Amino acid sequence: MNNLFFFMFVYVDLILSTAQAIVKLPNNVTIPGVFMFGDSIVDTGNNNNLTTLVKSNFLPYGRDFMGGLPTGRFGNGKVPSDLIVEDLGIKELLPAYLDPCLQAEDLPTGVNFASGGAGFDPLTSKLMLVIPLSEQLQLLKEYIEKLKKYVGEERASSIISNSLFVVAAGSDDIVNTYYHTPARFWKYDIYAYTDLMLTEASAFVQKLYTLGARRIGVISVPPIGCIPAQRTLGGGPERKCVERYNEAAELFNKKLSAELDCLNSHQFHATVAVFMDVYGPFLDIIHNPKKYGFEVINRGCCGTGIIEVAAFCNQCSPNTCKNATNYVFWDSYHPSERAYRIITHQVLHKSIQAFFHSQNK
Ligand SMILES: *[C@@H]1O[C@H](CO)[C@@H](O)[C@H](O)[C@H]1NC(C)=O
Ligand SMILES: *[C@@H]1O[C@H](CO)[C@@H](O)[C@H](O)[C@H]1NC(C)=O
Ligand SMILES: *[C@@H]1O[C@H](CO)[C@@H](O)[C@H](O)[C@H]1NC(C)=O
């Protein structure tokens, strides 16, 4: 009797915990779906059918994903897109819109348009041969037509206006395009270049608004000077964080945050666009790894951990670590699932409230 009661209790608890949102929303608010845009931090497989080096649909990517399944996610397990829908209690994973196995019933709860290697600067996506933000928007338009056919006009527009739209880009613009392309580096100083990024980011948010989005999160650029590849390339013999990359990220983030405030006050007349700061939480992990149970912060798990990424992180990479749990980084660019989980949870929890603080109109 006691045992049966205990069993039922555990069982019910398990069912509830898979269906329940971890992030609390105000009482009468629901978020039916999530739509992601941007780069490899949030891509869940849209690059799989592209001819580009920015791919990850091979092991050891996905080593800790559903028993070891490489899907085109740039990590060992789930990425922030998945963790956001999981935290909101919507579903377990956010499918790539270009996944050939995508089902009609996946549409109403959200899909992912992000493409590893993309940037706010159109040149970034062009150099990497990936899907630029402009085309990610075209895919959204195509999606909306499909959604209307599937659930009807009225429900489709309610899904769009209540869902969360999230953009994560800018890292590739600064570390790859700006500092490594003469066409950008010699033509712009970092102030002018972050202005170029900002103009594009702002236009993107406004286009999402025009298409019906009313809850738009823009993820800040992380402290990119501290990612293992940049430590290797620009951090000197001690592989320190590259300060000028971190400063560029902070410069852009400051402008972005101010621009979103401006759009909310003068254009949208409501809190539509929310700045989601990952820079602070990420740097805190790098400065205080022990606090979060991490041991390795300056190299990734894959290969030597100091340079391998995407096509160069593969089954032949020597010395790949056995267990990424204590690593902040999975490869030389991308955080491990556990680091993503900590950051996503913190950032979502904080920024979700902002949408509902002052939903005036
Ligand atoms: C939630 O309820 C409050 C109080 O009844 C109301 O003012 C607000 O508009 C509602 N919010 C939404 C999103 O329906
Ligand atoms: C993309 O898909 C098409 C059709 O399924 C296939 O023929 C082609 O080889 C794929 N390309 C890549 C780069 O995977
Ligand atoms: C990795 O280590 C953690 C903590 O020590 C452990 O819980 C987990 O099961 C390990 N994972 C694998 C795949 O061995």
Side-chain angles (χ1 to χ4, degrees), residues 6-7 9-11 13-20 22-23 40-45 48 55-87 89 91-96 116 222 226-229 231 239 278 281-349:
F6 177 73
F7 172 76
F9 183 77
V10 170
Y11 187 60
D13 198 48
L14 274 177
I15 291 177
L16 284 179
S17 66
T18 54
Q20 225 166 34
I22 296 172
V23 170
S40 58
I41 292 173
V42 290
D43 188 355
T44 52
N48 291 356
K55 294 172 90 133
S56 59
N57 53 343
F58 39 80
L59 286 167
Y61 286 99
R63 197 175 71 175
D64 303 310
F65 185 87
M66 295 172 73
L69 193 64
T71 55
R73 286 170 171 79
F74 292 79
N76 57 313
K78 290 186 173 186
V79 294
S81 320
D82 305 311
L83 299 168
I84 289 174
V85 289
E86 185 190 301
D87 269 3
K91 52 187 174 184
E92 277 298 311
L93 302 171
L94 192 69
C226 297
I227 64 180
R231 286 177 185 266
R239 300 184 62 250
V278 299
F282 203 126
L283 207 57
D284 191 53
I285 293 181
I286 288 170
H287 288 156
N288 309 290
K290 292 270 183 307
K291 181 169 130 192
Y292 301 91
F294 290 111
E295 273 157 25
V296 185
I297 60 163
N298 66 357
R299 58 194 163 81
C301 167
C302 186
T304 63
I306 63 171
I307 203 73
E308 297 91 336
V309 63
F312 303 102
C313 162
N314 55 54
Q315 291 278 59
C316 303
S317 305
N319 306 321
T320 294
C321 82
K322 294 270 184 308
N323 188 333
T325 301
N326 301 326
Y327 283 69
V328 173
F329 290 94
W330 159 250
D331 64 17
S332 72
Y333 265 76
H334 303 100
S336 62
E337 174 180 313
R338 203 163 77 78
Y340 271 147
R341 200 172 271 281
I342 293 167
I343 296 167
T344 303
H345 189 62
Q346 277 188 18
V347 170
L348 193 61
H349 186 78

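Start at 1 and go down the list; that is how both ligands and their atoms are numbered. All values derive from a computational prediction rather than experimental measurement.
A 6.0 Å sphere centred on CZ of F58 holds more than 12 heavy atoms belonging to other residues, nucleotides or ligands.
Classification of the F282-F329 ring pair by plane angle, with boundaries at 30° and 60°, yields tilted. Aromatic ring orientation, H334 versus F74: tilted (interplanar angle from 30° to 60°).
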* **Pair C313-C302, disulfide (SG to SG under 2.5 Å): steps then yes or no** => CA-CA 6 Å; C313 162; C302 186; 2.1 Å; yes

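For N323, the side-chain hydrogen bond (donor to acceptor under 3.5 Å, both in side chains) partners at least two apart in sequence or on another chain are T325.
Near ligand 3, residues N323, T325 come within 4.0 angstrom through at least one heavy atom.
T320 has its side chain within reach of R63: a pair of non-hydrogen atoms, C-beta onward, lies under 4.5 Å apart.
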